[in-house]
There are 2 protein chains.
Amino acid sequence: MARVGLTTDRLVRAGAELADEVGFEHVTVSELARRFDVKVASLYSHVKNSQDLKTRIALFALEELADLSADAVAGRAGKDALTAYADVYRDYALTHPGRAAATRLRLDPETAAASAGVRHSQMMRAILRGYDLPESDRTHAVRLLGSTFHGYASLEGAGGFSHSSPDSEESWRRILDALDTLLRNWPTR
Amino acid sequence: MARVGLTTDRLVRAGAELADEVGFEHVTVSELARRFDVKVASLYSHVKNSQDLKTRIALFALEELADLSADAVAGRAGKDALTAYADVYRDYALTHPGRAAATRLRLDPETAAASAGVRHSQMMRAILRGYDLPESDRTHAVRLLGSTFHGYASLEGAGGFSHSSPDSEESWRRILDALDTLLRNWPTR
DNA sequence: TAGTTTGCCTAAAAGCTTTAGGCAAACGCA
DNA sequence: TGCGTTTGCCTAAAGCTTTTAGGCAAACTA
């Protein structure tokens with residue numbers, strides 16, 4: 001009965017890798033147990049249940065992505081900051097599709113409020129400081145950016161843009177140009 | 001052994017309703033059988049398997065939404081057409097969250113190509129005729145609109161904008177204004 | 001009305017989730 | 001070092017979902 005050394009943290013990290021391999025929706029307690037060569041019931045000491053595991057993977061991914069973004073955005077402003085943030089987002093979604101899908105998991109309000117999701121909004125708000133938006137419009141702009149990045153990564157990940165020209169990379173660049181233009185010509189009421 | 005009169009079509013419609021009630025990811029062949037007061041195995045004459053059921057629900061929702069959109073867009077142009085299309089999209093997502101989630105299901109390329117998804121792209125292309133975009137940029141713009149609508153509906157459905165001001169309705173209107181502005185000032189290379 | 005089709009059934013196997021209770025490894029302290 | 005406690009992983013078991021195979025009777029079809 002050698003002990004493998006399970007911890008919640010190790011399970012969550014392995015769960016994130018599993019998600020990238022098989023898709024977040026196919027992450028299963030059983031499969032995770034198999035990977036640790038351990039009986040399923042053993043995981044239940046470290047994780048409340050399947051939902052809990054998925055939530056933890058989502059929180060982990062949000063955090064990891066926030067760290068990467070913060071790094072990329074540091075020292076940049078304006079369009080430079082916008083594209084740095086956006087590119088990190090998209091790259092993350094491409095290299096870690098399962099984790100990216102996890103960041104789209106519906107979290108209950110308290111969990112969401114305590115998540116790295118708020119760091120993401122704060123970063124977007126900070127990026128908007130490089131543009132001349134009235135304070136009252138910042139939230140709208142944050143929501144627009146969030147929706148677009150989210151949506152693009154999601155559609156691209158679902159294969160929506162593959163095998164059709166022009167290629168996705170080009171659309172992405174043009175969309176970032178467009179969003180930059182938009183923020184510099186933001187329509188006020 | 002009274003016959004209930006199952007058909008693939010009835011199953012798909014009931015599946016769509018079920019999705020709206022419990023969430024698309026919780027749609028299950030078992031639950032559907034329960035609702036028809038029929039044994040689970042009976043459904044397998046009408047539907048290949050669970051994945052097949054979900055795919056059919058997705059195709060149904062895409063079709064239904066395309067019909068609604070076509071109706072809304074008919075006879076409109078420019079911003080009028082843009083907002084009509086977008087509003088139908090968002091309303092659908094709010095009133096039919098499960099079906100809307102279904103439209104985000106990853107379809108394999110052939111299935112996607114034969115789906116009403118292509119009607120959606122065509123409608124967006126048609127809407128863009130009201131704006132003065134170079135032909136070569138239309139695809140980029142379609143992808144931007146698709147991403148933004150998709151992303152907004154997804155985040156709003158996940159509760160991302162609820163319980164925080166300004167309310168979602170206002171952001172949505174402002175985002176449509178912004179997209180309209182953007183399309184009228186589309187940055188070319 | 002007889003024959004055929006087919007819709008729904010029973011049976012059963014296999015996989016995932018979750019809880020309860022047990023044994024032994026690892027830790028903490030004298 | 002040895003003893004007691006903690007705790008990590010195990011076995012067992014129940015309940016649910018998926019999926020396949022084979023059967024009977026209801027509903028078309030001639």
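Below, chains carry the letters A, B, ... as their sequence lines are ordered, and counting in each starts from 1.
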Given atom CZ of A/R10 and atom C1' of D/dG8, what is their separation to the nearest angstrom?
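Answer to the nearest Å: 13 Å.
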
Whole angstroms only, please: what is the CG-P distance between A/L32 and C/dT17?
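Nearest whole value for this atom pair: 10 Å.
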
Measure CG/A/L53 against P/C/dC16 and give the value in whole Å, please.
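After rounding, the reported distance stands at 14 Å.
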
Would you indicate, yes or no, if D/dC9 has its OP1 or OP2 atom less than 4.0 angstrom from a side-chain nitrogen or oxygen of A/H46?
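Looking at the OP1 and OP2 atoms of D/dC9, one of them is under 4.0 Å from a side-chain N or O of A/H46.
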
Would you say B/T28 reaches D/dC16's phosphate, i.e. side-chain N/O to OP1/OP2 under 4.0 Å?
no

Nearest whole angstrom, please: distance from the C1' of D/dC9 to the CG of A/L11.
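Atom CG in A/L11 sits about 12 Å away from atom C1' in D/dC9.
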
Nearest 0.5 angstrom please: A/L65 CG to A/H96 NE2, how far?
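A/L65 CG to A/H96 NE2: 10.0 Å, rounded to 0.5 Å.
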
For A/S154, give me all partners under side-chain hydrogen bond (donor to acceptor under 3.5 Å, both in side chains), at least two apart in sequence or on another chain.
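Scan of A/S154 (side-chain hydrogen bond (donor to acceptor under 3.5 Å, both in side chains), adjacent residues dropped) gives none.
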
Residue A/V38, side-chain heavy atoms: nucleotide from C/dC9, D/dT18, D/dC9 that is nearest:
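So the side chain of A/V38 is nearest to D/dC9.
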
Is A/S50 near enough to C/dT17 that one of its side-chain N or O atoms lies under 4.0 angstrom from OP1 or OP2?
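Yes, such a contact exists.
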
Is it true that B/R173 and B/D87 have a side-chain N and a carboxylate O under 4.0 angstrom from each other?
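Result for this pair is yes, salt bridge flagged.
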
Considering just the side-chain nitrogens and oxygens of B/S42, establish if one lies under 4.0 Å of OP1 or OP2 belonging to C/dC9.
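The answer is yes; a side-chain N or O of B/S42 sits under 4.0 Å from OP1 or OP2.
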
Using whole Å, what does the distance between atom P of nucleotide D/dT18 and atom CD of B/E31 come to?
10 Å

Touch check for B/V40, heavy atoms < 4.0 angstrom, all strands: base, sugar-phosphate only, or nothing?
base

Nucleotide C/dC9, atom C1' - distance to CG of B/D37 in whole Å
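Taking CG of B/D37 and C1' of C/dC9, I get 13 Å after rounding.
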
Return no unless some side-chain N or O of B/R3 is found under 4.0 Å from OP1 or OP2 of C/dC9.
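Checking B/R3 against C/dC9: no side-chain N or O falls below 4.0 Å of OP1 or OP2.
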
Does a donor on one side chain and an acceptor on the other come within less than 3.5 Å for A/H46 and A/T8?
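The criterion, which ignores hydrogens and geometry beyond distance, is not satisfied for A/T8 and A/H46.
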
Closest to the A/A41 side chain, choosing from D/dA21, C/dA20, D/dT17
C/dA20

Please tell me if B/S30 has a side-chain N or O lying less than 4.0 Å from either OP1 or OP2 of D/dT18.
yes

Atom CD of B/Q51 and atom P of C/dG15 are separated, to the nearest Å, by 19 Å

Roughly how many Å is it from CG in A/L43 to P in D/dC10, rounded to a whole number?
9 Å

Determine, for A/R56 against A/E63, whether the closest basic-nitrogen to carboxylate-oxygen distance falls under 4.0 angstrom.
no

Taking only the side-chain heavy atoms of B/K39 (C-beta and beyond), determine which of C/dC9, D/dC9, D/dT18 contains the nearest atom.
C/dC9

